[in-house]
There are 2 protein chains.
Amino acid sequence: MNDTEARFRLSTSTSRPEPDSGAQPQKPLRADAARNRAKILDAAREVFSEYGRDAQMDEIARRAGVGVGTVYRNFPTKQSLAVAIVEQRFDAISDWVAREMLTDPDPWRALERSFQWCAEMQLRDRGYAEIVGTLAGAAPAQHLSGGPLGPSVEQVEGLLGLTAAWVERAKAAGVVRADLKASDMPPLYAALASIVQAGVLDWRRSVEIVLDGLRPRPAR
Amino acid sequence: MNDTEARFRLSTSTSRPEPDSGAQPQKPLRADAARNRAKILDAAREVFSEYGRDAQMDEIARRAGVGVGTVYRNFPTKQSLAVAIVEQRFDAISDWVAREMLTDPDPWRALERSFQWCAEMQLRDRGYAEIVGTLAGAAPAQHLSGGPLGPSVEQVEGLLGLTAAWVERAKAAGVVRADLKASDMPPLYAALASIVQAGVLDWRRSVEIVLDGLRPRPAR
DNA sequence: GTTCAAGCGGAACCGGAACTCCGTTTCCGG
DNA sequence: CCGGAAACGGAGTTCCGGTTCCGCTTGAAC
């Protein structure tokens with residue numbers, strides 16, 4: 001699973017690590033350096049998904065076939081590397097939602113599939129719950145602090161927008177409760193991810209209950 | 001908030017730290033030692049609830065007004081201290097369920113209150129989500145490994161029993177879906193705790209959705 | 001009051017993991 | 001093909017936090 005990364009945003013791309021925003025020309029990296037940067041990102045993705053925040057820099061360097069020094073030349077700190085990975089993951093989520101969830105002609109089925117996908121993601125990536133949790137916790141007006149890790153404000157708003165679009169479609173189709181709001185959804189995904197993370201084998205059962213909670217309220 | 005601990009199980013009580021199970025007589029601790037052990041447990045409770053697993057032994061010792069050495073004489077390892085605290089918390093949960101949830105004449109209201117309580121607990125104890133997650137993940141036949149931390153098998157089964165009792169009452173009263181099982185509940189509490197942990201301010205909204213999912217299914 | 005084992009404090013130890021430094025290697029413009 | 005700037009590697013440094021050790025203090029049995 002390599003080079004699935006061409007479509008990611010500049011800040012994590014195979015160009016020079018941004019010393020600061022604003023200076024755009026950025027002489028491109030030397031050929032080997034660019035290659036290494038890509039290898040590092042791939043390795044980091046792998047190691048973070050296996051060990052979550054306990055991933056070790058040495059291990060990442062080893063899997064990238066590179067010295068630690070090289071890792072640190074590209075990402076001055078473990079934190080910054082983690083952020084880059086989180087941003088990639090976040091974009092992957094947005095991609096999926098846009099591609100799979102918004103194009104499905106049946107919004108309810110799209111919802112079911114999205115929960116399924118969320119659970120699978122958590123199963124294969126130990127850091128997933130935290131990412132989704134970040135999104136859920138990034139409430140509307142909470143953009144001030146910009147917690148420890150976390151995707152950018154634009155990323156959060158983008159995904160929230162996609163979610164809102166789905167909610168509209170679903171409500172129009174009458175398949176969900178009439179009072180559903182876009183902001184209701186992220187916490188539910190975060191919840192599912194954490195359930196899977198906790199090792200609950202029968203997470204589908206929890207999904208079933210939540211889905212029932214999302215259905216249109218019966219006319220009184 | 002001191003000495004709320006008389007009712008906890010022996011292994012965390014103010015008696016000698018168990019060198020092994022089986023040797024029961026256990027000369028009682030010297031008076032000052034017993035006092036210190038209690039102070040340590042109180043401090044640990046406090047620090048763990050503030051910092052979760054990042055709690056530091058030195059800080060615990062400091063708040064207990066005791067040297068680190070004393071902490072280690074009572075709990076040979078940070079892990080063992082953490083386990084003691086987890087067991088206390090777990091018992092507190094069981095207590096609450098037995099006292100508040102099973103005695104409430106209205107099972108539905110008891111359910112609502114329990115979610116409320118769960119959220120409040122998470123708010124005041126950073127380690128709460130992990131405990132509830134452990135419970136949820138401790139599926140029926142999964143008692144083999146005995147993960148990293150975690151309450152004892154008997155504790156888990158005890159609480160599961162209480163939950164089952166509530167489910168029966170609620171079903172008898174016809175206030176919940178007919179197919180509800182005791183094992184459905186722990187994941188929902190774990191989910192709520194994690195939502196609150198993620199910093200979702202409007203967690204009541206998520207609760208509302210889940211509650212709707214728990215209501216009796218409308219006759220088709 | 002004396003004695004001494006139980007208990008205490010906290011400086012020192014130690015391992016692990018993030019990060020730095022610098023001698024060596026590699027790319028690439030001329 | 002050469003020179004030197006850019007990049008590399010990985011041993012070494014630093015920091016941090018759990019755990020140990022040992023000389024001192026104190027409770028309690030006589």
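Residue numbers start from 1 in every chain, and the chains themselves are labelled A, B, ... in the order their sequence lines are given, proteins ahead of strands.
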Between P of C/dT26 and CZ of A/R35, the distance in whole Å: 12 Å
Which nucleotide in D/dG9, C/dC27, C/dT20 has an atom nearest any side-chain atom of A/D32: C/dC27
d(CG, A/N74; P, D/dG9) in whole Å: 11 Å
Separation of C/dC19 P from A/L81 CG (nearest whole Å): 10 Å
Out of C/dG7, D/dT19, D/dA11, whichever nucleotide has its closest atom nearest the side chain of A/V68: D/dA11
Side chain of A/K78 - closest among C/dA18, C/dG9, C/dA5: C/dA18
First encountered from the 5' end of DNA chain D, between B/A55 and B/A31: B/A55
N or O in side chain of A/T77 less than 4.0 angstrom from C/dA18 OP1/OP2: no
A/D184 side chain to A/K181 backbone, donor-acceptor under 3.5 Å: yes
A/A164 versus A/A182, closest heavy-atom pair with distance: CA-CB, 3.7 Å
Side-chain N or O of B/T70 closer than 4.0 Å to phosphate OP1/OP2 of C/dG7: no
B/Q56, nearest nucleotide to its side chain (from D/dG18, C/dC28, C/dC8): D/dG18
Test item: A/W203 and A/Q116 side chains (from C-beta on) under 4.5 Å apart, heavy atoms: yes
Parallel, tilted or perpendicular: ring planes of A/W96 versus A/W117, cut at 30 and 60 degrees: parallel
Distance in angstrom units between A/Y72 OH and C/dC21 C1', rounded: 14 Å
Shortest side-chain distance from B/R30, nucleotide among C/dC19, D/dA7, C/dA6: C/dA6
Nucleotide D/dA7, atom C1' - distance to CD1 of A/I40 in whole Å: 11 Å
Nearest-Å distance for atom pair CD/P, residues B/Q79 and D/dT19: 9 Å
Spacing of B/D54 atom CG relative to D/dG17 atom P, expressed in whole Å: 9 Å
Side chain to side chain donor-acceptor pair (under 3.5 Å) between A/R126 and A/Q197, worked out: CA-CA 7 Å; A/R126 211 182 122 179; A/Q197 184 174 41; over 6 Å; no
Touch class at under 4.0 angstrom, heavy-atom based, for A/A64 against every strand present: nothing
Distance, rounded to the nearest Å, where A/N36 contributes CG and C/dC27 contributes P: 10 Å
